[in-house]
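Down below is the structure, laid out as structure tokens.
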Amino acid sequence: MKDIKAKILFNEEIGLSYFKMELRAPEIAQIAQPGQFVQVRCTNTLDPLLRRPFSVHRVRSLQSIEILYEIVGRGTEILAKRKEGEFIDVLGPLGNGFTIPSEVEGRTPILIAGGIGVAPLVFLAEKLREIRNPKSKIQIIVLLGAKTKESILCEKDFKKIGAEVHIATDDGTRGYNGFVSELFKRILRTTHHASRITIYACGPHPMLREIAEISKEKNLDCQVSVEEKMACGIGTCLGCAVKVIRRGGEEFIYKLACKDGPVFDAEEIIWD
Amino acid sequence: MGLDIRIGKIKLKNPVMVASGTFGYAKEVEGLIDLRKLGAIVTKTITLKKRPGNIMPRICETASGMLNSIGLQNEGIEDFIEEKLPYLSKIGVPLIVSISGETIKEFCELSKILDNEKAVKGIELNISCPNIKVSAFAKASADRRRSQFTVHSLIAQDKSATYEVVRGVRRTTDKTLITKLSPNVTDIVEIAQAACKGGSDAISLVNTFFGMAIDIHTKMPRLGNIIGGLSGPCIKPLALKMVWEVAKAIEKPVIGMGGIMDGDDAIEFMIAGAKAVQIGTANFVEPGICEKIIKGIEEYLKKNKIKDIGKILGNLQSK
């Protein structure tokens with residue numbers, strides 16, 4: 001991990017208070033893995049004080065990284081106003097990303113996103129596509145959940161790499177009318193070789209819990225990327241605790257979203 | 001230019017230490033700062049037994065600051081000695097271990113264990129963590145009636161409990177003892193005096209201020225523990241005033257902290273009477289910030305042609 005001053009190459013709204021920022025950060029771009037994140041200092045003033053964590057959304061030519069963010073508070077409001085050419089403090093890459101099984105070719109990855117949770121999954125899909133064996137082309141299935149049709153993110157990015165994209169909207173304005181977890185259940189019914197499926201999910205807590213439960217029921221490998229409030233991002237503040245199952249002895253232990261995660265095996269997490 | 005100072009038996013090459021609980025056990029920050037540049041390292045607080053810590057959420061940002069309710073999550077002293085101490089010993093910077101307990105006996109057991117460790121130069125008594133309950137002390141306290149009504153009672157809120165703990169630990173070790181005080185008191189001077197009387201070599205202050213925040217949409221507290229400890233630049237003026245008061249009243253060195261973000265802030269604390277400073281929340285914002293703070297202090301001394309840092313200590317001017 002490196003703490004660098006990165007030049008902002010791009011920072012624009014891509015729809016309904018969602019923004020994309022590209023940062024020149026070769027030190028981070030060259031080693032970042034899908035599911036890892038960066039800590040960005042939105043402003044160098046004392047308020048807001050803490051950095052904000054963002055998943056690495058994409059890596060471009062090993063020179064820059066992209067983050068995808070939604071304006072949810074003062075930090076992201078300030079971030080949205082930052083201009084191209086300005087420099088910004090970026091610490092990363094941080095945490096443990098998704099684990100890609102070594103026998104990836106025979107498996108069907110299903111990527112499930114809820115809202116802004118799509119951010120790390122584009123990087124993951126690109127990586128999965130990159131490492132495929134051309135002879136045994138893997139089908140990447142992507143399920144995108146959004147509030148309404150205008151807030152569907154990254155559909156084109158997934159289609160560009162040949163993924164099969166399914167959409168669910170809460171208000172039914174596009175695709176399946178309902179939650180992405182319900183769409184996931186339907187997709188499973190029509191997907192063959194269920195045992196060869198790996199689930200990668202990122203989104204709000206209730207969605208992840210649903211996905212984890214369904215995966216457990218169907219005996220599917222499932223990795224989830226969780227989001228917790230954090231201060232440091234490097235394991236010193238112990239703020240971003242995640243309750244996980246302890247095998248033997250204690251009832252549970254706390255792991256850290258920033259250091260042990262943000263990606264966890266769904267079965268490990270205690271969803272309360 | 002002399003930046004070196006002495007706290008008890010510990011010689012520090014500069015007055016900048018990292019505050020307990022904001023730097024882990026140093027390994028976490030490896031590569032983001034030159035650890036050898038630090039004046040001293042104070043570890044995350046260690047307890048006798050492992051503590052799982054408090055429920056989530058544990059962190060909440062506030063205006064120019066943050067609330068935390070971590071609850072002294074740590075793996076216990078045994079794990080510390082085996083897993084963390086070997087790394088910390090090799091850094092080449094004075095090591096101060098922060099300890100906490102629920103009884104005097106626990107504090108003493110911890111200090112006895114640490115007394116055997118050559119690499120440990122000092123012990124900081126965390127008697128001021130706002131996120132754990134210490135009912136045992138309420139009973140032992142001379143002022144029983146008041147203690148019964150103190151929901152979140154801290155050792156550092158009671159001068160006799162403070163005295164007893166420090167005196168107990170003092171009997172177990174000759175290592176430099178630092179007592180860390182809470183700002184959540186009516187008169188911090190009398191607590192500082194009690195700690196000195198008990199045999200503390202230095203006083204560090206302040207720990208965090210009790211605070212809370214509420215989400216008005218859900219009407220829920222923003223911390224799982226409802227209340228937590230406030231830190232960051234927002235507490236600096238409050239901390240500075242307390243450091244000034246304590247430094248005037250006691251002979252022993254004072255280690256000042258509370259919202260220090262740069263060299264100028266550190267100098268402010270020194271003028272108020274702090275011989276050394278600790279950097280806390282700022283480490284979360286920028287893990288390498290202590291190096292910048294040390295440089296900032298050097299620049300101030302250079303610019304003002306001050307040869308020895310001792311010259312600014314408590315040098316508050318009046319009209």
Side-chain angles (χ1 to χ4, degrees), chain A residues 1-5 27 31 39-53 72-76 89-92 94-95 205 226-244 246 249-260 269-272, chain B residues 18-33 43-45 50-75 131 222-224 228 231-234 236 259 261-262 265 280-289 291:
Chain A
M1 68 186 153
K2 285 264 165 21
D3 189 6
I4 59 165
K5 290 214 179 293
E27 301 94 329
I31 52 172
Q39 280 272 73
V40 177
R41 197 168 175 194
C42 302
T43 161
N44 280 14
T45 57
L46 298 180
D47 190 34
L49 183 67
L50 302 172
R51 294 185 187 224
R52 299 291 186 266
V72 291
R74 292 202 318 113
T76 40
D89 291 344
V90 184
L91 174 66
L94 303 170
H205 191 90
V226 300
E227 190 180 28
E228 291 292 351
K229 286 267 184 323
M230 59 178 71
C232 70
I234 56 172
T236 58
C237 75
L238 310 184
C240 59
V242 177
K243 224 182 215 182
V244 301
R246 167 77 166 229
E250 295 143 288
E251 253 177 90
F252 65 89
I253 55 164
Y254 282 119
K255 284 195 174 179
L256 298 177
C258 72
K259 225 183 163 188
D260 304 305
I269 296 181
I270 300 171
W271 300 94
D272 53 14
Chain B
V18 290
S20 177
T22 64
F23 212 68
Y25 305 95
K27 196 166 188 355
E28 295 88 335
V29 199
E30 197 177 30
L32 296 171
I33 183 169
T43 67
K44 168 80 183 161
T45 298
K50 177 191 168 119
R51 284 182 62 95
N54 289 337
I55 56 165
M56 291 291 291
R58 293 175 171 186
I59 295 273
C60 164
E61 194 180 43
T62 57
S64 296
M66 64 179 276
L67 287 163
N68 87 79
S69 71
I70 309 299
L72 296 188
Q73 178 178 337
N74 80 100
E75 296 295 311
N131 295 318
R222 287 195 187 270
L223 291 176
S231 65
C234 61
K236 202 188 84 182
M261 295 298 290
D262 56 27
D265 289 343
T281 302
N283 293 316
F284 297 148
V285 180
E286 198 180 326
I289 205 159
E291 276 191 67

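Protein chains get the first letters and strands the later ones, always in sequence-line order, with residue 1 at the start of each.
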Does atom NZ of A:K243 have more than 12 heavy-atom neighbours from other groups under 6.0 Å away?
yes
Rounded to the nearest 0.5 Å, how far apart are [atom1] of [X] and [atom2] of [Y]?
{"X": "B:T281", "Y": "A:L50", "atom1": "OG1", "atom2": "CG", "value": "8.0 Å"}
{"X": "A:L238", "Y": "B:L72", "atom1": "CG", "atom2": "CG", "value": "10.0 Å"}
{"X": "B:L32", "Y": "A:M1", "atom1": "CG", "atom2": "CE", "value": "4.0 Å"}

Is any side-chain heavy atom of [X] less than 4.5 Å from a side-chain heavy atom of [Y]?
{"X": "B:N283", "Y": "A:T236", "value": "no"}
{"X": "A:L49", "Y": "B:P233", "value": "yes"}
{"X": "B:V285", "Y": "A:L46", "value": "no"}
{"X": "B:N68", "Y": "A:C237", "value": "no"}
{"X": "A:K259", "Y": "B:E28", "value": "yes"}
{"X": "A:I253", "Y": "B:P52", "value": "no"}

Measure [X] against the heavy atoms of chain A and call it side chain, backbone, both or neither at under 4.5 Å.
{"X": "B:E30", "result": "backbone"}
{"X": "B:T62", "result": "backbone"}
{"X": "B:S64", "result": "both"}

If you take all heavy atoms of A:A231 and B:I59, which pair is closest and at what distance?
CB-CD1, 4.0 Å
Please classify the contact between A:E228 and chain B as side chain, backbone, both or neither, with a heavy-atom cut-off of under 4.5 Å.
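Answer is side chain: those atoms of A:E228 sit under 4.5 Å from chain B.
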Starting from the C-alpha separation in whole Å, work towards a yes-or-no answer on side-chain contact (heavy atoms from CB on, under 4.5 Å) for B:R58 and A:Y254.
CA-CA 12 Å; B:R58 293 175 171 186; A:Y254 282 119; 3.2 Å; yes
Okay, side chain of B:E61, backbone of A:P48: is any donor-acceptor separation there less than 3.5 Å?
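No; zero donor-acceptor contacts below 3.5 Å.
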Report the C-alpha separation of A:R51 and B:E286 in whole Å, then their side-chain angles, then the decisive distance to 0.1 Å, and conclude whether the salt bridge (charged side-chain N to carboxylate O under 4.0 Å, His left out) test is met.
CA-CA 9 Å; A:R51 294 185 187 224; B:E286 198 180 326; 5.4 Å; no
Among A:C232, A:G233, A:G235, which residue has the highest count of heavy-atom pairs closer than 4.5 Å to chain B?
A:C232
